[in-house]
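Because the structure is predicted, anything quoted here is derived from the model rather than measured.
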Amino acid sequence: MMYSFDLAVFRYLNSWVGVSPFFDWAIRFRAIYLWYLVIAAVLMFAAVPFVFPRARAARARNLRLLRDAAIAAFMGRYVITELIRFSYSRPRPFEVLADARQIIEHATGGSFPSGHAALSFAVATAVAFYYPKTSIFFFLAAFSIGVSRVAAGIHWPSDILAGAIVGIATAWIIRHLLLSVSVLSPT
């Protein structure tokens with residue numbers, strides 16, 4: 001059942017490839033480069049209190065945000081995702097579907113879960129702990145990255161969903177571990 005849903009959503013999103021040069025550019029941009037804008041936005045959050053004197057009170061808070069986002073992103077993408085991939089190597093859509101339109105070069109195998117989704121959703125969740133309203137933009141960017149990676153032919157929708165779950169859960173666990181450590185440590 002899930003495979004047919006995966007296939008149907010993949011085929012719909014992948015059908016946008018080749019429709020126009022603009023759509024192809026937009027898919028590539030969101031699948032590859034939007035992540036760098038997300039990184040820049042988090043770094044700007046951390047830098048604002050150091051640049052603007054009125055925001056000095058937020059220095060410690062923004063540095064904690066940067067710390068939490070970095071740890072959650074690293075753990076979600078390079079530890080948990082890779083452990084899952086080590087035990088379950090799922091082929092990418094372009095490997096199993098002759099009619100898949102792949103517009104981004106990518107190595108074979110290791111499709112599940114999506115590392116980009118784990119990374120971007122971990123950062124969005126970390127932002128949500130400090131700036132809930134602003135985090136909406138980070139979640140939209142993470143969702144857009146995931147959808148574009150499916151449209152680009154390199155992930156299945158369930159890869160993105162699993163990556164999102166890994167990223168959100170990792171950020172939540174890291175946040176609560178760091179809070180428990182800071183409560184236990186002397187000030």
Side-chain angles (χ1 to χ4, degrees), residues 1-42 69-127 135 137-174:
M1 182 66 166
M2 184 56 169
Y3 181 74
S4 62
F5 174 78
D6 242 8
L7 185 59
V9 173
F10 173 80
R11 288 199 186 281
Y12 173 74
L13 293 174
N14 191 240
S15 73
W16 289 94
V17 171
V19 170
S20 78
F22 174 76
F23 283 168
D24 287 356
W25 173 86
I27 290 168
R28 275 191 199 96
F29 175 81
R30 292 184 344 235
I32 300 170
Y33 302 109
L34 181 56
W35 168 240
Y36 296 109
L37 294 178
V38 169
I39 293 171
V42 171
I71 294 171
F74 178 81
M75 293 299 293
R77 168 60 184 99
Y78 296 105
V79 177
I80 297 170
T81 298
E82 292 305 318
L83 284 172
I84 295 169
R85 287 179 179 177
F86 181 74
S87 61
Y88 178 68
S89 181
R90 182 181 193 185
R92 294 183 181 272
F94 65 84
E95 294 178 78
V96 295
L97 299 175
D99 61 341
R101 301 172 185 170
Q102 179 189 2
I103 61 169
I104 296 174
E105 289 299 318
H106 205 288
T108 59
S111 180
F112 182 87
S114 166
H116 279 78
L119 205 59
S120 55
F121 277 96
V123 169
T125 304
V127 171
S135 71
F137 297 107
F138 286 86
F139 280 110
L140 288 172
F143 179 77
S144 181
I145 290 167
V147 167
S148 293
R149 293 187 71 78
V150 173
I154 56 176
H155 275 293
W156 299 101
S158 58
D159 299 341
I160 304 303
L161 178 61
I165 291 168
V166 166
I168 291 167
T170 303
W172 188 86
I173 291 167
I174 294 298

Quiz item: Are any of the side-chain heavy atoms of T108 and R92 separated by less than 4.5 Å?
Solution: no

Quiz item: Which atom names give the shortest non-hydrogen contact between F143 and F121, and what distance separates them?
Solution: N-CZ, 3.8 Å

Quiz item: Is it true that atom CZ of F137 has more than 12 heavy atoms of other residues, nucleotides or ligands lying nearer than 6.0 Å?
Solution: no

Exercise. Give a yes or no on whether the backbone of S144 and the side-chain of S148 come within a donor-acceptor separation of less than 3.5 Å.
Key: yes

Quiz prompt | V17 side chain near D24 side chain, heavy-atom distance below 4.5 Å | solution = yes

Quiz item: Where is the tightest heavy-atom contact between R90 and S158, given as atom of each residue plus distance?
Solution: NH1-OG, 2.7 Å

Quiz prompt | Pairwise side-chain contact, L97 with L7, heavy-atom cut-off 4.5 Å (strictly under) | solution = yes

Exercise. Could you tell me which non-hydrogen atom of P93 sits nearest to which non-hydrogen atom of S111, and how far apart they are?
Key: CD-OG, 4.5 Å

Exercise. Step by step, work out the side chain to side chain contact (heavy atoms under 4.5 Å, CB included) result for L37 and F29.
Key: CA-CA 11 Å; L37 294 178; F29 175 81; 3.7 Å; yes

Quiz item: Got a second to check how far I27's CD1 is from R149's CZ, nearest 0.5 Å?
Solution: 12.5 Å

Quiz item: From D159 CG over to H116 NE2, what is the distance, rounded to the nearest 0.5 angstrom?
Solution: 13.0 Å

Exercise. Take D99 and R11, measure what salt bridge (charged side-chain N to carboxylate O under 4.0 Å, His left out) needs, and give me the verdict at the end.
Key: CA-CA 9 Å; D99 61 341; R11 288 199 186 281; 2.7 Å; yes

Quiz item: Okay, side chain of R77, backbone of L119: is any donor-acceptor separation there less than 3.5 Å?
Solution: no

Self-check item: Nearest atoms (heavy-atom pairs only) where W156 meets P91
Solution: NE1-O, 3.1 Å

Quiz item: Going from CG on L13 to CD1 on I160, what distance comes out if it is rounded to the nearest 0.5 angstrom?
Solution: 10.0 Å

Quiz item: Between the main-chain N or O of I103 and the side-chain N or O of R28, is there a donor-acceptor pair closer than 3.5 Å?
Solution: yes

Quiz item: A152 and N14: which non-hydrogen atoms are nearest, and at how many Å?
Solution: C-ND2, 4.1 Å

Quiz item: How long is the span from the CD1 atom in I154 to the CD1 atom in I104, to the nearest 0.5 Å?
Solution: 4.5 Å

Practice problem: Mind checking the CD1-CZ spacing from I80 to F74? Nearest 0.5 Å is all I need. | Solution: 11.0 Å

Quiz item: When you measure from the side chain of S135 to the backbone N and O of A124, does any donor-acceptor pair fall under 3.5 Å?
Solution: no

Quiz item: Parallel, tilted or perpendicular: which describes the rings of Y12 and W16, with under 30° parallel and over 60° perpendicular?
Solution: perpendicular

Practice problem: Give, for atom CD1 of I173 and atom CD1 of I168, the distance between the pair rounded to the nearest 0.5 Å. | Solution: 12.0 Å

Exercise. Search all heavy atoms of S120 against all heavy atoms of I145 and return the closest pair with its distance.
Key: CB-CD1, 4.1 Å

Exercise. May I have the step-by-step check of side chain to side chain contact (heavy atoms under 4.5 Å, CB included) for T170 and T125, ending in yes or no?
Key: CA-CA 9 Å; T170 303; T125 304; over 6 Å; no

Quiz item: Is there a side-chain contact between V123 and W35 (heavy atoms, below 4.5 Å)?
Solution: yes

Exercise. Could you tell me whether the side chain of S87 and the main chain of I84 form a donor-acceptor pair under 3.5 Å?
Key: yes

